[in-house]
K.L.:
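Here you go, one structure.
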Amino acid sequence: MKVLLKLTDISVYAGDTCLLEPISLTLKQNVPLTILGQTGSGKSLLAQAIMGLLPNGLTSTGTIELFGKEMTLKERQSLWGSKLVMLPQEPWNALDPLMKGVEQVKEVYQYVQNKTPQESLRLSMDDLRNVGLSGSEYKRPDQLSGGMAQRLAISAATAGGANFILADEPTKGLDVSRRDDVVRLLQSRSAAGGLLTITHDVAIARQLGGDLMVMKAGCLVEQGVAEQILRNPQADYTQALIEAEPKTWIDAEPVSKESHDEILIVNQLSLKRGGRILFEGLSFTIRKGEVVGVVGDSGCGKSSLGDALLNLLPFTNGTISRLNHEAKPHQWLKLYQDPPSAFSASVSLGQLLNDLVRLHRIDVQRIQPLMRRLKLPKGILERNCLEVSGGELQRFAILRSLLLDPVFLFADEPTSRLDPITAKEVTELLVELANETGCAVLLVSHDPDLIRKTCDQVISL
Amino acid sequence: MKTLIFKRLVQLVGVIWGVGTLTFVLMRSLPGDMAYRIAASRYGQDNVDSQAAALVREELQLDQGALSAYKDWLLDLLQFRLGDSLVSGEPVIETVQHMLGHSLLLSFAGLALSIAIAVPIGLLSASKGKMVDSALMGFSSLIRAMPVFVIGVLLLLLFALHWNWFPVAGFGTPAHLVLPALTLGLSLAAVSNRVVRDSAKRVFGSSFYLFSRVKGLSKWTTFKRHGIRNIAVPVVAFLGIQLVSMIEGIVMIESLFSWPGIGHGLAHAIFARDIPVIQGAALVMGILFVFLNTLVDLLCHWIDPRGVAES
Amino acid sequence: MSLDRSSRGGGIMKMTLSQKIGLVILLILLVFAFGGTWVSPYSLSQQDLNAILQPPSTRHWLGTDQFGRSMLTRMSEAVMLSFSLGLICVITSAIIGVTLGVWAAWGETVDSIMGVLVNILLALPGLVIVLMLAAIAPGSFLVLYLAISLVQWVEYFRVVRAITKNVIHSPARQSTKMMGFGVWYQFKRHIWPSIAPSIFTLAAFGGANAILTMASLGFVYVGIQPPLAELGLMTVELFPYYSEAPWVLAQPLLAIALMVFGFHLLAGKRT
C-alpha cells in the first residue's frame with residue numbers, strides 16, 4: 001500500500017515551550033488515520049504543521065514526507081487545493097459570509113482547475129446536488145444550517161481535486177444526526193486518497209475505523225488499529241475517554257413514580273418563537289427528585305421549553321402549574337450551557353458566594369462539605385469566573401444553586417462545552433445530588449444517549 | 001430596511017422642525033429692538049430710521065404673539081419660503097444654492113482624497129510587519145490629534161505662504177481647491193485608515209480567508225474574491241459616522257480658506273446674525289446630512305445584505 | 001458584552017503605557033495652567049504696546065502678543081478655560097447619558113421615547129447644533145457648555161443602552177435575578193462593570209471633543225469673545241503675525257493639539 005504521509009519526530013514549539021511532543025506517524029492510502037484526544041492536547045497543531053499553517057510565533061521541527069517525498073513549507077503550500085486540503089473546524093467561519101454557496105465552490109474549479117466559468121458553474125451545481133444541497137445553491141452561509149455549511153465546505157475544499165484530506169474536528173457543533181452524514185461524506189471524498197481526522201469524539205473514531213492514535217497534553221498515549229484499541233484499550237486515558245461516552249454509561253435507576261409528590265404539571269403547552277411554532281400540545285408531570293430529559297435537534301425548542309417552565313419566556317397556549325406552594329421563587333433555578341457567561345467577571349467567585357449567603361442568610365457551615373462533595377478546590381473562591389476551568393465553574397454553579405435548596409433545576413445542556421471526561425463527572429454529580437436533595441431536574445441535551453442513560457422520563461421534541 | 005427609511009424620514013422632519021425652532025428662538029432673543037437691529041444690519045447703521053424699522057417689523061410680523069409667530073414661522077419654512085438675506089438682501093434660496101454647489105465640490109474632493117490616502121495606508125499597515133504598522137498608526141494618531149483647522153493652518157502656512165505653491169484663499173481655479181480638499185482629506189483619512197487597517201487585519205486573519213488559500217486560490221485571487229468586499233463592510237459603515245466629521249470639517253475649512261460654501265455661509269451668517277441665511281444654511285446642511293446618511297445605509301445594505309446594520 | 005478582565009477599567013496601574021503617557025501630557029498641561037496664572041505677574045488684558053510680539057524672554061517667558069499682552073498669562077488662562085469646559089461637559093453629559101441609557105435599556109416606554117429624541121438630535125451634526133445655540137448668546141461660556149453637553153450625552157446614551165441591553169439579556173444577569181437579587185445589586189455586579197470601561201473611553205474622547213468644539217467656535221469668531229483668551233480665538237487673532245512671530249502663533253496650535261492628543265492617548269483603544 002502506498003504511503004501518503006510520513007511524519008518523523010514532528011514537534012511544535014512556542015519559543016522554548018514545547019506544545020507538541022515529538023511525534024511520528026505513517027498514513028497509508030485508503031487507511032484513514034484518526035487522532036483522538038481532548039481539546040488542548042495539541043492535536044490541531046499537528047494538522048497545522050502538516051499543512052504549513054502554524055500561526056506566527058510557532059515553529060515546528062522534524063521532517064514531513066508527502067506522497068513519498070520530503071517537502072518544505074513552500075512545496076507543501078503549493079499542493080493546497082489540488083493535492084492536499086484541510087477542512088475547517090467551524091464551517092460557518094470558514095465560508096465567506098457574503099458570498100453565495102455555489103460561488104464558493106465554483107471559484108475553485110475556475111481558479112484552481114482553470115475551467116471556464118460555465119463549466120465551473122455546472123460542475124459546482126452538480127457537486128452541491130450530490131451532497132443534498134439542491135435548492136440552497138444561492139444561499140449565503142448564514143442561511144444554512146451547521147450540517148449544510150459543513151457539506152458546502154467539504155464540496156468547496158475538494159473541488160480542486162485534492163483527495164488527501166485533513167479534517168480538524170469536522171463535526172464540532174453539529175447534532176448527532178448530522179454528524180454521521182458528514183463522516184460518510186468525508187469517507188467518500190477521500191476514497192482513493194487519504195484521510196487524517198482529528199477529533200475528541202470516540203464515536204467518530206469508531207465510525208471511521210482504520211488506524212488510531214490517542215493523544216493527551218501533546219503526548220502520544222497509544223496507537224494501533226482503531227477497532228482493537230477501542231475494544232481493548234491499554235492506557236487508562238483511553239479507557240477514560242471511552243467510558244465518558246454516554247453510550248457506555250450505567251443506566252439510571254428510575255425514581256418510583258408513586259412515592260413522590262408532583263411539583264409541576266404541564267398541560268397542552270404550545271410555544272412560538274419568531275413566528276415559528278416550536279411545539280404544540282405538550283403535556284407532562286414532573287415529580288420531586290425526578291430527572292426529566294429533553295432531546296431533539298438544535299432549534300427544536302428544547303431550551304425554550306425549560307425557559308418557559310421558569311417563566312423566563314412567554315408561552316402561547318396551555319398551562320404550567322407549580323404544585324409546590326412552599327417553595328420561594330428563588331428555588332426554581334437554571335444551570336447554563338456556557339458557564340462563564342452565567343457569572344459576573346467583575347468580582348471573585350468567593351465574593352459572589354458571599355453576596356448570596358448574605359442575601360438569603362445561608363448557613364456558612366454548609367459550604368465546605370458541599371465544596372468537598374463537588375470536588376471544588378478552596379482556592380477557586382479567590383479567582384473570578386474567567387480564571388477557572390469550565391468544569392469547575394459548572395460545579396460551582398451547582399454549588400450556588402444547591403445552597404438555595406432548589407425544588408426544580410433546569411439544566412440547559414450543562415456539559416456540552418466541557419470535555420467528555422469532565423462532562424461525565426458533572427452529569428453524574430448533578431443526578432446524584434438531585435436524588436439526594438429531592439430536587440427535580442430538567443436536563444436538556446443534544447445527545448440522546450446521555451438522556452437515555454440518566455433520566456427517569458424523556459421528552460422528545 | 002423599511003424601519004430604517006422611516007427613521008430617516010423622522011429625522012428629516014426633526015431637522016426642519018429643529019432648525020426652524022432654533023432660528024425662531026434666535027430671532028426672538030436678539031437684544032434691543034429687533035426691528036431696529038435687523039433694519040440696521042440690512043440697510044447699514046446710518047440709514048436706519050423708524051420708518052425702515054416699521055417696514056421690517058411688518059415684514060417679519062414681529063408684533064404678533066410668540067405662539068402665532070412661531071406657527072407662521074414654521075409654516076413658511078415648510079413651504080421653503082426662506083425669505084431674503086438681511087445683509088445682502090438676496091433671496092436665501094439662491095444664496096444657499098450657490099453655496100451648496102461649492103460645498104459639494106469640496107466634500108467630494110475631500111472624501112475622494114481621504115479614500116485614496118486611507119485605503120492604501122490601511123492595507124499596508126495590516127499586511128506589512130509590526131514596524132510599518134506602528135509607524136503608520138503612530139503618524140496617523142498625531143494627525144488625528146490635530147483639529148481640522150490646525151491642519152488647515154499648517155498647510156496654509158507651508159504651501160501657500162511659505163512656498164507660494166497654491167493660493168491662500170478664494171475659489172475659481174482648480175488650484176484653489178487643492179489645499180481645502182487636502183485638509184479635509186487628511187483629517188478624514190487619519191481616522192478612517194485605522195478602520196481600514198482593523199477591518200483588513202480581521203479579514204486577513206479570518207478562517208474564511210485562510211480556507212480560500214487552502215482551497216488552492218492564490219493570494220491575489222483570494223484578496224480579490226474574499227478580501228475587498230469583506231473589508232469594505234465596516235469601512236462603508238464607518239462612512240456614516242464620518243459624515244459628521246466631514247460636515248464639521250467643512251464648516252471650519254471653508255471659513256479658513258474663504259471657500260464660499262455652506263459652512264462658511266453659516267459661520268458668517270451667525271457672526272452677522274443674518275437669521276434667514278442661518279436658517280437656510282442649517283436647513284440645507286441638515287437635509288444633506290440626512291440624505292447622505294440614507295445613501296450610506298443603502299450602500300451598506302448592498303454590500304452586506306445579511307441584516308440592516310445599525311446606524 | 002465585554003468580560004475581558006484587563007478592560008475592567010479603573011486604576012492607573014492597569015493602564016497601558018500609551019494611556020499613561022496621555023495622562024502625563026494632560027497633567028503637565030494642567031500644572032502649566034495653574035502654575036502660569038500663579039507665576040505670571042501680568043493680567044489677562046494688561047497691554048504693553050511698547051513690547052508687542054516679543055520673543056520669549058526672562059520678563060515674558062512665552063513672549064507677548066500683538067497688543068503686548070503676556071502670552072504666559074493668556075496661554076495658561078486659555079488652557080484652564082479649555083480644561084474646565086472639557087471637565088464639566090464630560091461630567092454633565094456622562095451623568096445624563098448613562099442614567100438615561102440604563103433606564104432606556106430597562107424600560108420599553110422610555111426606550112421608544114428616547115429613541116425618537118436621539119434620532120432627531122442625531123439628524124444634525126453636533127457642531128451645527130452648537131453653532132446655532134451659540135448664536136443665541138455669543139461669547140457665553142454657559143451656553144457653550146449647555147450646547148456641547150446637549151450634543152455629547154447622546155453618545156453615552158447609545159453606547160450604554162446597547163451594552164446594558166446585552167447585559168440584561170445575559171445569562172449572568174438572568175441567573176442573578178432568579179436567585180432573588182435586587183435591581184441595585186444587578187446594576188452593581190453586572191451592568192456597571194460592563195459599561196465602566198466604555199464610559200471611561202467615551203469620557204476621554206468627549207473631553208477632547210468639547211475642547212475641540214470650543215476652539216472651533218472661537219476660530220470662526222462665534223465662541224468666547226475677546227479680550228478673553230481662548231485657544232481657537234487666539235489662533236485667528238495671531239494668524240496675521242505668522243511671519244513676524246511664528247513662536248506666538250505656534251503656542252495655541254500646540255496647546256490644542258497636545259490636549260487632544262493627550263485625551264486620545266488616555267482613551268486607549270477606540271471602541
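Chain letters run A, B, ... following the sequence lines, proteins first and then strands; every chain starts at 1. Keep in mind the model is a prediction, meaning the values are calculated, not measured.
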K.L.:
Under 4.0 Å between a Lys/Arg side-chain N and an Asp/Glu carboxylate O for A:Lys302 and A:Asp412?
P.N.:
no

K.L.:
Please flag which part of C:Phe181 lies under 4.5 Å from any non-hydrogen atom of chain A: side chain, backbone, both or neither.
P.N.:
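Both backbone and side chain.
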
K.L.:
Below 4.0 angstrom, N of the basic side chain to O of the carboxylate: do A:Arg366 and A:Asp405 qualify?
P.N.:
yes

K.L.:
With a 4.5 angstrom heavy-atom cut-off, which part of A:Asp355 approaches chain C: side chain, backbone, both or neither?
P.N.:
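Backbone plus side chain of A:Asp355, per the 4.5 Å heavy-atom cut-off to chain C.
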
K.L.:
Could you tabulate the donor-acceptor pairs under 3.5 Å formed by side-chain atoms of residues 112-119 of chain C, not counting sequence neighbours?
P.N.:
| unit_1 | atom_1 | unit_2 | atom_2 | d |
| --- | --- | --- | --- | --- |
| C:Ser112 | OG | C:Glu108 | O | 3.3 |
| C:Ser112 | OG | C:Thr109 | O | 3.0 |
| C:Asn119 | OD1 | B:Gln11 | NE2 | 2.8 |
| C:Asn119 | ND2 | B:Lys7 | O | 3.2 |

K.L.:
Is the closest basic N to carboxylate O distance between A:Arg322 and A:Glu262 below 4.0 Å?
P.N.:
no

K.L.:
Which one of A:Leu312, A:Leu404, A:Leu310 has the most heavy-atom pairs closer than 4.5 Å to chain C?
P.N.:
A:Leu312

K.L.:
Please identify, among A:Gln337, A:Lys334, A:Lys328, the residue contributing the most non-hydrogen atom pairs under 4.5 Å to chain C.
P.N.:
A:Lys334

K.L.:
Check each atom of A:Leu356 against the heavy atoms of chain C and say whether the ones under 4.5 Å are side chain, backbone, both or neither.
P.N.:
both

K.L.:
Compute the ring centroids of C:Trp184 and C:Phe187, then answer whether they are less than 6.0 Å apart.
P.N.:
yes

